[in-house]
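Inspection log for the structure reproduced underneath, given as structure tokens.
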Amino acid sequence: LFLGRLTARHVSAPSAALMASARAVACAGLLFAVSAVFTAFLAFSVAMLVRYTPVYRPVTCTQRPNVAQEPEIGEIVNITGASKKNCWNPNTYELRVAEVKPGAVYLKTGEGLTQIGITELRPEDLSPHENTMSQTTMRISLPVADAFGLLGKTVQVVTDESVHMEAEMVFLGKTMTSSEVKRKICGLEIEASMGPAKVGYTACVDAAEYDGDLARAVAALTIPDLDDKTPPVAVAHMSPDRYNQLTRRKNLAFGVMIAVSAILGMASFASAVAMLRRGRQGKEVAARDVTAKPSESANV
């Protein structure tokens, strides 16, 4: 009976050590896999941070020649024109552009500004790293007597437009939205005629630079000559305050993700190494027990 118990003890001790070693190695493998997942998420977060840095790159729009249709003549003369621009979006995300409300069209004279119509901006989605055609339609309505009084003359027209620009950055299903309203004051020259009017290029200024004062913005506006053939290039900047605010939001969001992924990844890796060492130690203990068994049996 004594010899049987001694033999059972020598058989079960190495087996228990081997089982503990196997469990430790299995846990180590699982922790290595968890560490790999967190490392991959860390790399992905860094890649997204780089992708969205800087948080906004200015959109550039090159104007195409403005055109006007045949006037509709009655008691009121209606003139419709179109301004088209090729807009390049250098960002890695889509931008949505739409008007806040129809803009105002003014006739500029020595006596000031007289409203004579409206503008309508066609909503557009500016795809990343692509050119998109943007179009603004101008609708002018004048009493027939006033319209005929302008025939053959070159007049200056001013528009007051408010544009809403929205961007969406998507990360793992979470959307970070940014939007801003830009008010721009633009001017162009028109030569009225019985047929389609001759229309010059358009130049604009940011109303925010003049505290939203229309008169000051118009005074600072340099309207291109009717015969100027150089297409203007407009650059749509984000306001510094909005840019800094969005940059902080982006850096905070990705910074937290990167820090958490790095900490959890390193902790998982360190735990995996510790478990792997424990498993190797268990195998060594089991091997020593198996080696010691014959000698102990012989002594008994």
| Under 4.5 Å between any side-chain heavy atoms of T119 and T137, yes or no? | no

| request: Taking N244 for its side chain and P240 for its backbone only, find out whether a donor-acceptor pair lies under 3.5 Å. | output: yes

| said: If hydrophobic residues (ILVMFWY) are linked whenever their side-chain heavy atoms come closer than 4.5 Å, directly or via other members, who joins V157 in its cluster? | reply: I73, V77, I79, V105, L107, I116, M138, I140, L142, V144, F148, L150, L151, V155, L188, I190, M194, V199

| request: Give every residue pair that meets the salt bridge (charged side-chain N to carboxylate O under 4.0 Å, His left out) criterion with at least one member in residues 195-207, sequence neighbours excluded. | output: K182-D206, K198-D227

| Minimum side-chain heavy-atom gap S261-F44 below 4.5 Å | no

| Identified side-chain contact (heavy atoms from CB on, under 4.5 Å) partner of C186 from the options T202, T136, V205 | T202

| By disulfide (SG to SG under 2.5 Å) - contacts of C27 (at least two apart) | none

| task | Indicate whether any N or O donor in one side chain lies under 3.5 Å from an N or O acceptor in the other, for Q63 and N66. | result | yes

| request: Grab the two heavy atoms, one from P224 and one from A203, that are nearest each other, plus how far apart they are. | output: CD-CB, 3.6 Å

| query | Applying salt bridge (charged side-chain N to carboxylate O under 4.0 Å, His left out), which residue pairs with at least one partner in residues 47-69 are found, sequence neighbours left out? | reply | none

| query | Run the side-chain hydrogen bond (donor to acceptor under 3.5 Å, both in side chains) check on N86 and T62 step by step: do they pass? | reply | CA-CA 5 Å; N86 285 320; T62 303; over 6 Å; no

| said: Quick one, R277 and V273 - any side-chain contact, counting heavy atoms below 4.5 Å? | reply: yes

| task | Report the residues that fulfil side-chain hydrogen bond (donor to acceptor under 3.5 Å, both in side chains) with S134, sequence neighbours left out, ordered by chain and then residue number. | result | none

| For E120, all residues meeting salt bridge (charged side-chain N to carboxylate O under 4.0 Å, His left out), sequence neighbours excluded | R139

| Are V181 and V163 connected, step by step, through hydrophobic side chains (Ile, Leu, Val, Met, Phe, Trp, Tyr) whose heavy atoms are closer than 4.5 Å? | no

| message | Are I118 and L121 linked, directly or through intermediate hydrophobic residues, by side-chain heavy-atom contacts shorter than 4.5 Å (ILVMFWY only)? | response | no

| task | State, to 0.1 Å, how close A167 and L95 come at their nearest heavy-atom pair, and which atoms those are. | result | CB-CD2, 3.4 Å

| query | Which salt bridge (charged side-chain N to carboxylate O under 4.0 Å, His left out) pairs, counting each pair once, include a residue from residues 208-218, with sequence neighbours left out? | reply | D211-R216

| task | Please identify each residue that fulfils side-chain hydrogen bond (donor to acceptor under 3.5 Å, both in side chains) with Q156, with sequence neighbours left out. | result | E189

| request: With sequence neighbours left out, write down each residue that passes side-chain hydrogen bond (donor to acceptor under 3.5 Å, both in side chains) with R242, or none if nothing qualifies. | output: S178, Q245

| Are M275 and V34 in one and the same hydrophobic cluster, where Ile, Leu, Val, Met, Phe, Trp and Tyr link if side-chain heavy atoms are under 4.5 Å apart? | no

| For L31, does its backbone N or O pair with a side-chain atom of S35 as donor and acceptor, under 3.5 Å? | no

| query | Is the shortest side-chain N to carboxylate O distance from R122 to E124 below 4.0 Å? | reply | yes

| Chi angles and distances behind the side-chain contact (heavy atoms from CB on, under 4.5 Å) call for N91, Y56 | CA-CA 6 Å; N91 297 284; Y56 174 78; 3.8 Å; yes

| task | List the atom of S141, the atom of N78, and the distance in Å for their closest heavy-atom pair. | result | OG-OD1, 2.7 Å

| note | Contacts satisfying salt bridge (charged side-chain N to carboxylate O under 4.0 Å, His left out) that involve residues 151-165 (not counting sequence neighbours) are D160-R183

| said: Taking F254 as the starting point, is it possible to reach Y93 by hopping between hydrophobic residues whose side chains are less than 4.5 Å apart? | reply: yes

| Short question: side chain of E180, backbone of S239 - any donor-acceptor pair under 3.5 Å? | yes

| query | Say you draw a straight line from NE2 of H129 to CG of N89; how long is it, rounded to the nearest 0.5 Å? | reply | 7.5 Å

| request: Considering non-hydrogen atoms only, spot the tightest contact between I185 and A217 and give its length. | output: CG1-CB, 3.7 Å

| message | Suppose the criterion is side-chain hydrogen bond (donor to acceptor under 3.5 Å, both in side chains): which pairs have a residue in residues 246-259, not counting sequence neighbours? | response | T53-K250

| said: Go through it in stages, so that I can follow the logic: the residues are T92 and Y52, the test is side-chain contact (heavy atoms from CB on, under 4.5 Å), and I'd like the CA-CA distance, side-chain angles, deciding distance and then a yes or no. | reply: CA-CA 7 Å; T92 56; Y52 292 129; 3.5 Å; yes

| So does K108 have more than 12 non-hydrogen atoms from other groups sitting under 6.0 Å from NZ? | yes

| remark: Here the pair of heavy atoms bringing Y201 nearest to D228 is CD1-O, 3.3 Å

| task | Determine whether the side chains of S83 and Q135 contain a donor N or O and an acceptor N or O closer than 3.5 Å. | result | no

| Taking the side chain as C-beta and beyond, is there a heavy-atom pair between V55 and Y243 under 4.5 Å? | yes

| task | Taking all non-hydrogen atoms of both residues into account, name the closest pair between A98 and P123 and its distance. | result | CB-CB, 4.3 Å

| query | Would the number of heavy atoms belonging to other residues, nucleotides or ligands and lying under 6.0 Å from CZ of F269 be above 12? | reply | no

| task | Sequence neighbours left out, what passes side-chain hydrogen bond (donor to acceptor under 3.5 Å, both in side chains) with S162? Give chain and number order. | result | none

| task | Find out if a path of hydrophobic residues (ILVMFWY) with successive side-chain heavy-atom gaps under 4.5 Å connects L221 to L226. | result | no

